[in-house]
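Residue numbering restarts at 1 for every chain, and letters A, B, ... go by the order of the sequence lines.
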2 protein chains.
Amino acid sequence: MTLETVSTAKSFGGTQGVYRHASRETGTDMNFAVYLPPQAAGGAKLPVLYYLSGLTCSHANVMEKGGYQRVCAEQGLVFVAPDTSPRGPDVPDDPAYDFGQGAGFYVDATEEPYAKNYRMFSYVTAELPALLEEHFPVDSDRQSIMGHSMGGHGALTVALRQPGRYRSVSAFAPIVAPSRVPWGQKALGRYLGSDQARWRAADAVALIEDGARVPEILVDQGTSDSFLESELKPELLEAACRDAGIALTLRMQEGYDHSYFFISTFIEDHLRWHWQRLQS
Amino acid sequence: MTLETVSTAKSFGGTQGVYRHASRETGTDMNFAVYLPPQAAGGAKLPVLYYLSGLTCSHANVMEKGGYQRVCAEQGLVFVAPDTSPRGPDVPDDPAYDFGQGAGFYVDATEEPYAKNYRMFSYVTAELPALLEEHFPVDSDRQSIMGHSMGGHGALTVALRQPGRYRSVSAFAPIVAPSRVPWGQKALGRYLGSDQARWRAADAVALIEDGARVPEILVDQGTSDSFLESELKPELLEAACRDAGIALTLRMQEGYDHSYFFISTFIEDHLRWHWQRLQS
């Protein structure tokens with residue numbers, strides 16, 4: 001698979017790059033960001049952390065506002081941020097911010113007209129990791145995953161559906177039960193169809209109820225997040241993890257909102273938490 | 001003077017705010033960003049660092065991409081980022097990115113049609129500090145200033161023209177001699193007129209040649225900055241400081257460009273350097 005370099009910039013001694021490739025899964029060109037820490041120059045394969053972004057975001061939001069580069073440079077951690085959907089004039093879209101381009105929900109759509117392009121589950125779990133392995137010094141035995149909001153939903157479902165693949169999973173303000181909230185009901189209904197039984201594999205709480213397991217989960221959630229009560233509902237994840245014996249660390253962060261000011265405040269904690277688990 | 005709160009978000013325990021006011025100097029509404037560290041809750045007046053931004057930027061670029069909040073929160077430092085020019089449909093503009101709105105060059109224009117609105121020197125040195133003193137817990141006896149590119153020019157000239165007012169001055173990739181480079185010649189010519197003698201008070205190197213002094217200056221400059229040779233020319237500042245006995249620390253940073261990936265890498269060094277000088 002060929003890869004085009006869109007841009008690179010030196011950052012904390014490493015390289016923040018943006019790359020583009022023709023995706024087989026989405027049938028479009030896809031952009032993604034990779035931070036290579038200075039340790040990459042040594043030639044060894046490094047642990048890799050995937051970050052799945054939220055509604056309306058591209059690879060660029062966390063790359064510019066997340067503030068992860070400093071800690072990744074210290075640790076020797078590769079940080080990968082894919083886009084949130086296929087994009088382009090030929091990709092079915094919707095004028096709403098919470099569906100269509102910028103809102104792929106990390107599922108493989110089965111419904112028309114979305115099924116051809118909206119294959120973000122396969123993209124982030126298969127095509128992109130294979131591409132990274134081919135072009136970057138990443139150690140596929142040491143992968144972790146995290147995400148924000150819709151991307152928190154993505155990280156949780158991707159990890160729950162592939163037991164043992166990721167060393168650790170964490171999220172900022174995740175959608176934990178899309179089947180039960182407006183953002184998720186709209187997206188899953190249109191991408192996966194009206195049969196709600198088919199939504200369960202795209203719903204972290206339902207996956208846990210149906211027996212999927214990860215050993216532990218770290219979640220940070222701001223108490224002043226305007227989506228907390230309507231869309232995020234961390235109490236549903238808390239209950240499901242309690243029933244399932246999953247060690248959930250849910251930190252309610254007083255006064256924080258849904259923005260990158262919240263994420264950048266606590267991302268160092270997440271990076272250090274993942275790093276511990278990537279060493280073992 | 002009244003102040004409107006545009007937005008606030010909790011960040012590293014403090015508050016990242018954006019505010020708007022009707023400016024007497026520019027005749028427009030002006031936005032600016034203030035980061036109040038958690039120590040502001042204690043009621044004491046805190047040291048303040050002004051950050052002047054570069055061409056095309058507003059208050060938002062450094063606020064979102066600079067990554068200063070973590071260190072300011074640790075130190076107890078207020079960080080203020082003004083806009084780079086007056087803005088609005090009634091403000092004379094230019095289609096070019098390097099003149100007009102977004103490109104005020106921190107001068108008080110004397111030429112028409114700019115003289116009425118383009119008063120950024122008076123705005124950042126008088127009106128904005130007075131407004132901050134009225135509405136925020138800032139200690140005007142402990143101020144420092146820094147900037148990037150056009151804002152590095154701003155920080156250097158503002159400090160050189162007001163000896164003793166700022167405890168310290170630093171810059172990322174500053175324009176040091178606008179009279180001798182295309183960006184500056186275009187802007188100073190149109191804001192200040194064709195008599196180049198009147199440009200000298202808006203040119204850091206010329207100010208130093210004419211006797212203006214600060215005790216020391218810190219400058220970081222990326223060696224892969226695409227504007228280095230044509231617009232920035234740090235060697236001119238180096239020569240002027242050498243002749244004047246100003247202690248310039250010029251750090252040529254190998255491989256870094258002109259972007260916020262460069263700034264965010266080294267902003268901690270600048271914050272700690274200023275903080276030392278704000279304590280004395």
Looking only at heavy atoms, which two atoms of Thr8(B) and Asp257(A) are closest? And how far apart?
O-OD2, 4.4 Å
Donor-acceptor under 3.5 Å (Tyr256(B) side chain, Ala9(A) main chain)
no
Decide side chain to side chain contact (heavy atoms under 4.5 Å, CB included) for Lys10(A) and Gln253(B); before the verdict, give the C-alpha distance in whole Å, the side-chain angles of both, and the deciding distance to 0.1 Å.
CA-CA 10 Å; Lys10(A) 194 166 177 182; Gln253(B) 301 288 6; over 6 Å; no
Taken to the nearest 0.5 Å, the spacing of Phe262(B) CZ from Phe12(A) CZ works out to 12.0 Å
Is the number of heavy atoms from other residues, nucleotides or ligands under 6.0 Å of Gln279(A) CD greater than 12?
yes
Closest approach of Met63(A) and Phe261(B), non-hydrogen atoms and distance?
O-CE2, 3.5 Å
In terms of heavy-atom pairs under 4.5 Å, which option from Gly66(A), Gly255(A), Ser259(A) contacts chain B the most?
Gly255(A)
Is it the backbone or the side chain of Glu64(B) that comes under 4.5 Å from a heavy atom of chain A, or both, or neither?
both
